[in-house]
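First comes the structure, then the notes that go with it.
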Amino acid sequence: MRVNRAWLGLALLMLPTFLVALDTTALLLALPRLSADLGASDVEQLWISDGYGFTVAGLVITMGTLGDRIGRRRLLMTGAGAFAVLSVVAAFAVDPLMLIVTRALLGVAGATLAPSTLALITGMFADDRRRGRAIAIWATCQFVGGALGPVLAGVLLQYFWWGSVFLVSVPAMVLLLVAGPVLLPESRSERAGRLDPASVVLSLAAVLPVIYGIKQLAVGSTPLVPGLALVAGAGVGVVFVRRQLRLEAPLLDLRLLRSRPFTAVLVGLVLAGVAMAGTGLLVTQYLQNVLGHSPAASAVLFAPMGLGVAAGTLAAPALAGRMRPTTAIAGGLALSAVGGLLLAFVGGAHALPLVITGITVLALGTGPLFALGTGLVVGSVPPERAGSAASMSETGNYFGGSLGFALLGALAAVVYRSRTHGTSDSLAGAVAAGHRLPSGQGAELLGTARAAFTAALHVTGAVAAGIFACLAVLTLVLSRPSHHPAAAAVPEYETTAS
């Protein structure tokens, strides 16, 4: 494939990457309004907010293997068409159940997009340096989409109904369907293994009960049923792992975990996703319901988080040219820990500058992990297994992000309830109730609720700092490659334009 056509193809592949990320973060700001319009309960809001991410996480490995078998471009085109249609359905949902189901189906379509785009990039750029640059651009686009999602949602919500947030992706997906067959090469593996239906079922049967258990615990449910669900999911997970180790062509190649750097990157992707999603969830609510900014203003103020990741990702190839990639990753994670600590001291007259600085520093430090780590994962397997390797990387991203919403969201809820002595279940509910009460009582309720939520933000920031600090140490400890044949060095990155 000629170089110019390859770069045009990369530009086209940035569309689904950008829009899937935008679709995820835009919902953070749209959730309060659509929940009010549809009458969604607390549990339904949780399913609406992160059911998409968990569906992607549960199916992205299956889709990566499927793309290796039937063709990555074919899978990408199919997913793009489904994503466009389902986005229209989501925009005009008439009740919470309809939106939850549609969001889950959007997750199925979204699961086809990420591994397909990354696997196609791997095949389009045979040279390690150009491929490294292309992956860095791809990762940057992913986080720019995440950054602009709330901004775009804020603008749309200012003038249109919440469904407009979903319609943004439709024109771009149509463009991808038209130009994809011209600019993107078809690629598949002649040696791709048979898709094992039992492994697919086991993977979902392991993930979904765990999701259910976490969600129910997050909303203060009776612990017996969620606990049983967690145990059942863990038990099925053990069966899934044992099956993958026995299969000649597994759905999830766990043998790659024998490579210590590979393992460190995957663990880093999951836990960094947990920390970033959890802090993002708290900060967006803090900006609106504690500091009192409008959705549009909150979106602009929140944008530095995504832009910080994008800047760190773009800088990663240059850092890799000056030091070992694992050193760059560990240094970035240490910087992220500093950003988390800043969030633990938010309050008073300097609350807004501290919040913006904290999320920017936290996000900036994760850039090398997402750019260089993704390159390591994809470079650890032969080209014919690129889709499967890309799916492992994306599973870490999506599962970590969705898990962050649930786990750190649950932790924040516990802190909030304890600080309000159980008199308030959520800050949004307290704000709504405060406006209905007489001025004195309303002010007292809002003061207590906002102080409690600020304490929850402090705890979340401290936990995120601890996660990043541990990841930095883990990366350094596991930085020496193992001698397993699946291990491979991180591709070299070009630091100047070619």
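Note that the coordinates shown come from a computational prediction; the quantities given were computed from them, not determined experimentally.
Note that OH of Tyr416 and CD of Gln285 are 10.0 Å apart. Values are rounded to the nearest 0.5 Å. Annotation: the span from Leu247 atom CG to Arg242 atom CZ amounts to 12.5 Å, rounded to 0.5 Å. With values rounded to the nearest 0.5 angstrom, Leu120 atom CG is found 12.0 Å from Leu183 atom CG. Note that the CD atom of Glu186 and the CZ atom of Arg72 stand 8.5 Å from one another [nearest 0.5 Å]. Within the model, atoms OH of Tyr286 and CZ of Phe302 stand 15.0 Å from one another, a figure rounded to the nearest 0.5 Å. Atoms OG1 and CG, on Thr117 and Leu15 in that order, are 11.0 Å from each other to the nearest 0.5 Å.
Shown here are the side chain to side chain contact (heavy atoms under 4.5 Å, CB included) partners of Val89, two or more places apart in sequence or in another chain: Met98, Thr102. Not counting sequence neighbours, Val201 has no partner by the side chain to side chain contact (heavy atoms under 4.5 Å, CB included) test. With sequence neighbours excluded, no residue forms a side-chain hydrogen bond (donor to acceptor under 3.5 Å, both in side chains) with Ser336. Partners of Leu105 by side chain to side chain contact (heavy atoms under 4.5 Å, CB included), not counting sequence neighbours, listed by chain and number: Leu86, Val101. Contacts of Thr460 classified as side chain to side chain contact (heavy atoms under 4.5 Å, CB included), with partners at least two apart in sequence or in another chain: Thr279, Leu282, Leu408, Ala412. Thr360 pairs by the side-chain hydrogen bond (donor to acceptor under 3.5 Å, both in side chains) definition with nothing, not counting sequence neighbours.
Residues Ala93 and Leu38 share a closest heavy-atom pair of O-CD2, 3.8 Å. The minimum heavy-atom distance linking Gly79 with Leu113 is given by the pair C-CD2, 3.9 Å. Among all heavy-atom pairs drawn from Met173 and Ala84, the shortest one is CB-CB, 3.9 Å. Summarising the geometry of Leu364 relative to Ala311, their closest heavy-atom pair is CD1-CB, 4.0 Å, with the distance given to 0.1 Å. Looking at every heavy atom in both residues, Pro368 comes nearest to Ile329 through O-CG1, 3.7 Å. Of all heavy-atom pairs between Met276 and Met305, the closest is O-CE, 3.5 Å.
Side-chain N or O atoms of Arg73 include one that pairs as donor or acceptor with a backbone N or O of Leu184 at under 3.5 Å.
Phe453 has its side chain out of reach of Val415: every pair of non-hydrogen atoms, C-beta onward, lies at least 4.5 Å apart. Taking 4.5 Å as the limit, every side-chain heavy atom of Arg243 sits out of range of all side-chain heavy atoms of Val239. For the pair Leu204/Leu59, a side-chain contact is recorded, criterion being any heavy-atom separation below 4.5 Å from C-beta on. Taking the side chain as every heavy atom from C-beta outward, Met77 and Leu176 approach each other to under 4.5 Å. With a 4.5 Å cut-off on side-chain heavy atoms, Leu411 and Leu407 do not count as touching. Side-chain contact between Val267 and Leu271 is present, with heavy atoms from C-beta onward closer than 4.5 Å. Side-chain contact between Thr112 and Leu76 is absent, with no heavy atoms from C-beta onward closer than 4.5 Å. Between Leu343 and His458 the shortest side-chain heavy-atom distance does not fall below 4.5 Å.
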Take Asp95 and Leu99 through the test side-chain contact (heavy atoms from CB on, under 4.5 Å) and record every step on the way to the result. CA-CA 7 Å; Asp95 57 49; Leu99 185 56; over 6 Å; no

side-chain contact (heavy atoms from CB on, under 4.5 Å), that's the test. Do Phe468 and Leu341 meet it? Break it down for me. CA-CA 10 Å; Phe468 284 122; Leu341 284 177; over 6 Å; no

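With hydrogens and angles left out, the side-chain atoms of Ser169 and Ser87 include a donor and acceptor closer than 3.5 Å.
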